[in-house]
Amino acid sequence: MACIGRLLSAFNHLLMHTLSFLRAALMLSVMTALLACQPESIQPSRTIEFKVPANFPPPVYDLSRNPVTPEGFELGRRLFYDGLLSRDGSISCGFCHQQSSAFTQHGHDISHGIDDKLTLRNALPIQNLAWEKEFFRDGGVFHLDLFAVEPIQNPNEMDENLPNVLEKLRRHAEYPRLFTAAFGSPDITTDRFLKALSQFQLMCISADSKYDKYVRNEGATLTDTEKAGLALFRQKCASCHSGELFTDHSYRNNGLPVGNPEDTGRHRITLNDADQYKFRVPSLRNVEITRPYMHDGRFRTLEDVLHFYATGVVDSPTLDTLLKNNSGGQPGISLTLVEQQQIIAFLKTLTDRDFLNRKELSEFR
Amino acid sequence: MNFKAYFSIIAVAVLSLLFITSCDKEEFNVNDKGNLVIEFDNIVGDKDLQLDTGTYVNAAGETFSVSLFQYYISNIKLKTEDGREYVVPQDQSYFMIQEHKAHTHSITIPNVPAGNYTEMSFIIGVDSLRNTMDPSQRTGVLDVANYTGEEKMYWSWNSGYIFVKIEGSSPQAPQGPDGQRKFRYHIGGFGGYSSPTINNIKTRELSFGSQVAKVRKDKTPEVHLKVDVLKLFNGSSNISIASNPTVHFAPFSVNIANNYVHMFKVDHIHN
C-alpha cells in the first residue's frame with residue numbers, strides 16, 4: 001500500500017510539475033505575443049546605460065545634467081535618423097554620419113548636404129563625444145548639446161530653422177509620446193530636443209577594437225608588425241594623437257599645403273593669426289574606415305596620409321613645432337616606407353567592428 | 001496788519017514748508033517692492049528712427065537707412081541716492097529690444113525694493129558666463145531656437161550671441177550680388193571659451209543726473225532712454241559703410257562696439 005501511495009504521490013508530483021511548466025510556457029508565449037504587438041518605436045532597449053570603458057579617462061560631458069535613459073536614447077536615435085530635421089525632409093543627421101563608416105559620410109571628401117550643396121569640410125565621426133570638450137574641426141562649439149544646432153541651420157547641410165523643427169515635432173503623430181516617455185511630459189523644448197540628440201550621441205562609444213582588447217588584457221594579441229607599428233606610433237605620433245582617445249584635443253597646423261584659403265581653421269574662431277590653418281587633432285579610432293582624410297578629405301588612403309607626413313609637410317609660420325624638425329632637415333616626421341606600413345597595420349587595430357555594427361545604434365532595427 | 005495776521009501767515013508758511021518737506025522726504029518702507037520700467041527709444045541724431053523710410057547721414061558723410069535694429073540688454077543693476085544697489089536676479093535679467101516690435105521697447109523690472117533710484121547699469125549684450133551655459137540655462141530671449149531668419153541672434157558655428165544687430169542700405173555701400181547696396185553689422189564676441197578672442201561685452205553706467213526714479217509699492221517710475229544709432233557710426237572711430245559694409249565676427253567689430261556703448265542716454269523720468 002505504502003508503495004502504491006508513493007507511486008501515486010510521485011505521479012501527482014509529476015503532473016503538478018508538468019502543469020506548472022505548461023502554465024509558464026503559456027504565460028511566456030502570451031507575453032512574447034504582447035511584446036511583439038508593441039510598436040517597435042516605443043520599446044526602448046533595456047541595455048542602454050552609459051559606461052566609461054576601463055581604459056578611458058573620465059568623460060568631459062556632465063552626465064548628471066542629462067542622464068542617459070533608454071527612452072531618451074531611443075528618442076535621440078529617432079531624431080538622429082529623421083529627415084524632418086532638414087528643410088525639405090531629405091537630410092537626416094545619419095545622412096552625413098553613417099554608422100558603417102564610424103558615423104562619417106563614406107567616400108566624400110567634403111560633405112554633401114541639402115540640394116546637392118557641398119559643405120566646407122569633411123565630416124568628423126560621431127564617436128566618444130562624451131570625451132570631447134569642443135566640436136567641429138575648428139572647435140567653434142563647446143557643448144555637445146549645442147553642437148547639432150549648426151548642421152540643422154547651416155544652409156549647405158540641413159538648411160532648417162530650429163523653431164520649425166520643434167514645431168514639426170509638436171505636430172508629429174509620435175514625437176509628443178516619445179518626448180513624454182523620455183522627459184515625463186509632451187513638452188517639446190529646445191533643451192529637451194538637444195538633450196535627446198546628445199543622449200544618442202553619448203552612447204556612440206567605440207572602445208572595443210582589437211587594440212582595446214589588447215591593452216585591457218581581454219585575450220587579443222597583436223601581430224609583430226602591429227606591435228612594431230604601436231611602438232613607432234608611440235614614438236612618432238602620440239605627442240598629438242595621445243592617450244586612449246588618440247587625440248590631445250589641441251589645434252595644430254600639420255603642414256598641409258593650403259587648400260581653400262578661406263578656411264583658416266581655428267583662426268576663424270579665435271581671430272588670432274597664430275591659429276591660421278590650425279585644425280583639431282582628430283581621434284584615430286576607426287581611422288581605417290573613415291577615409292578620406294584631413295579637414296578637406298584630400299587624402300584617400302592611410303598610405304597617402306603617412307606618405308604626406310614623411311615627405312609632404314610644408315613649412316609655414318604656424319606649422320606645428322613638433323613637425324618643424326625632421327632629422328632629414330625637412331619638416332614632417334621621418335618614416336621609412338616599412339615604418340609607414342607598420343604604423344598603418346597598428347592603426348587598423350583601432351577598428352571597432354562591434355561599434356560599426358551595433359544594432360542599437362543603427363537606423364533600422 | 002496785526003499780530004494775529006502775522007501769526008497766521010507764519011503758521012501757514014511753516015505748515016506748508018512742513019508739508020512740502022514731508023512730500024520731499026516721502027516716507028516709504030524699504031521692505032516694500034515695486035516695479036521700474038525702462039523705455040528704449042531708438043533715435044538717429046535728432047530724428048526718430050523710422051525703419052526703411054527714414055534716411056540719415058553719418059559722420060563719414062554717408063546717407064543710410066535702417067531696416068533692422070535690435071540688441072540684448074542684460075545684467076541690470078539699479079542704485080539709490082543713498083547707495084543701496086539692487087541687482088536684478090540674473091535669470092530674469094535678459095531682454096531683447098527690437099525696433100520693429102513696439103512691445104519690446106519698454107521692459108519692466110519687478111520686485112524692486114522701494115527707494116529713490118539715481119543710477120543704473122546694464123550690459124549691452126550677454127555676459128560671458130551665460131554664453132557658455134548649456135541650453136537648459138538659455139531660456140526666453142536666450143533660447144537658441146527663439147529667433148529665425150534676419151532676427152537670429154545666435155551664431156551656431158561659433159557658439160555665442162550676437163549682441164547688437166543693425167542692417168540697412170546706403171548708396172555708398174558696394175553693390176551686392178542681389179543688386180542691393182546693403183550694410184550688415186552683427187556684433188558679438190564674448191571673449192572666447194578655451195582661447196581668448198575679441199570681447200565686445202560692454203557695460204553702460206548711466207546716472208539720472210538731477211532726476212530720481214521713485215519706486216514705491218504702488219508707484220512705477222519710467223526711465224526713458226534715448227538710444228542714438230548715429231553714435232554707433234560716429235565715435236572714437238567713425239565707421240564708414242563704404243569701407244566696411246559687412247562686419248560680423250571680425251577684429252573690426254571692436255570699433256563698432258566701442259562706439260555703441262555711448263548710444264544710451266537718460267532722457268527723462270516719469271514718476
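Throughout, a chain's letter reflects where its sequence line sits, starting with A, and its residues are numbered from 1. As the structure is a prediction and not an experimental result, all values here were calculated from the model. Only this structure's heavy atoms are used, side chains among them; waters, hydrogens and symmetry mates stay out.
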Residues, nucleotides or ligands: over 12 heavy atoms within 6.0 Å of B/Gln90 CD
yes

Which region of A/Leu166, side chain (C-beta onward) or backbone (N, CA, C, O), has a non-hydrogen atom less than 4.5 Å from a non-hydrogen atom of chain B, or is it both or neither?
side chain

Around atom CD of B/Gln175, are there more than 12 heavy atoms from other residues, nucleotides or ligands closer than 6.0 Å?
yes

Mind ranking A/Asn272, A/Ile269, A/Val149, A/Asn161 by heavy-atom pairs under 4.5 Å with chain B and telling me who comes out on top?
A/Ile269

Euclidean distance, B/Ser156 OG relative to A/Leu146 CG, rounded to 0.5 Å:
9.5 Å

If you round to the nearest 0.5 Å, how far is CZ of A/Arg268 from OG1 of B/Thr197?
13.0 Å

Does atom NZ (B/Lys265) have a neighbourhood of more than 12 heavy atoms from anything else shown, all under 6.0 Å?
no

Parallel, tilted or perpendicular, as decided by the 30° and 60° cut-offs, for the rings of A/Phe142 and B/Phe190:
perpendicular

On a heavy-atom basis, the closest approach of A/Pro163 and B/Ala145 is CG-O, 2.8 Å

One should read off an interatomic distance between B/Tyr193 OH and A/His143 NE2, to the nearest 0.5 angstrom, of 7.5 Å

Counting only heavy atoms not in B/Lys77, do more than 12 fall under 6.0 Å of its NZ?
no

From the list B/Tyr154, B/Tyr147, B/Trp157, the residue making the most non-hydrogen contacts under 4.5 Å with chain A is B/Trp157

Tell me, with the steps shown, if B/Thr148 and A/Gln153 meet side chain to side chain contact (heavy atoms under 4.5 Å, CB included).
CA-CA 10 Å; B/Thr148 63; A/Gln153 302 198 143; over 6 Å; no

Which one, B/Ile198, B/Asp134, B/Val144, B/Asp143, leads in non-hydrogen pairs under 4.5 Å with chain A?
B/Asp134

If you round to the nearest 0.5 Å, how far is NE2 of A/His249 from OG of B/Ser194?
12.0 Å

Interface check, chain B: of A/Asn66, A/Asp275, A/Leu271, A/Leu162, most non-hydrogen pairs under 4.5 Å belong to A/Leu271

Applying a criterion of heavy atom separation less than 4.5 Å, what residues of residues 190-201 of chain A form contacts with chain B?
A/Thr190, A/Asp191, A/Leu194, A/Lys195

Honestly, the part of A/Asp145 sitting under 4.5 Å from a heavy atom of chain B is both

Main-chain N/O of A/Val141 paired with B/Ser159 side-chain donor or acceptor, under 3.5 Å:
no

